Amino acid sequence: MKNKSFIFALLLVFVALVTGCASVKEARHEYLMKGQVLEVSGGQAYLCVGSASGAKEGQELDVFRYVPSSILGEKQRPSYRREKVGTVKITQVVDAHFANAQVLSGNVRANDVAEF
């Protein structure tokens, strides 16, 4: 009887961990997804973010650029700051790694970073 209770408890812990990991993965895609802007032409952007990253048609992402800051960081090295430069909307997920997007606002350029 004691062994059955122990096995049942282990099974419950295992199920809780597995379902917990699934929700963490979903949260990661919803809150941490980011990808590089590879190309921009005619109001369209090509992003290095695809289905493997959780990208879906219709998602809107803010676009940031890392620009040098006049403030020196540790060890007197130049520092950078994130600057929001626009917004894009995914129009087509091409494959696991890439997507097409429409530039909704701002001055989006290649090498910027699109993220939630």
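It should be emphasised that the depicted structure is a prediction, and the values quoted were computed from it without experimental measurement.
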Using the rule that two of Ile, Leu, Val, Met, Phe, Trp, Tyr join whenever any of their side-chain heavy atoms come within less than 4.5 Å, decide whether [X] and [Y] are in one cluster.
X	Y	answer
Val103	Val63	yes
Val49	Phe98	no
Tyr66	Leu38	no

Using 0.5 Å steps for rounding, measure from the [atom1] atom of [X] to the [atom2] atom of [Y].
X	Y	atom1	atom2	value
His97	Ser51	NE2	OG	7.5 Å
Gln59	Lys89	CD	NZ	11.0 Å
Ser105	Lys84	OG	NZ	6.0 Å
Tyr46	Gln92	OH	CD	8.5 Å

Result for side-chain contact (heavy atoms from CB on, under 4.5 Å) between Val88 and one of Val40, Leu61, Asp112 points to Leu61

If we check side-chain contact (heavy atoms from CB on, under 4.5 Å) with Asn100, which of these qualifies: Ile90, Leu47, Thr91?
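Of Ile90, Leu47, Thr91, side-chain contact (heavy atoms from CB on, under 4.5 Å) with Asn100 is met by Thr91 alone.
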
Open item on the list: Could you check whether any side-chain N or O of Arg65 sits under 3.5 Å from a backbone N or O of Val113, counting only pairs where one atom can act as donor and the other as acceptor?
Closed with: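 Here the side-chain-to-backbone pair does not exist.
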
For Pro68 and Arg81 the tightest heavy-atom approach is O-NH1, 3.2 Å

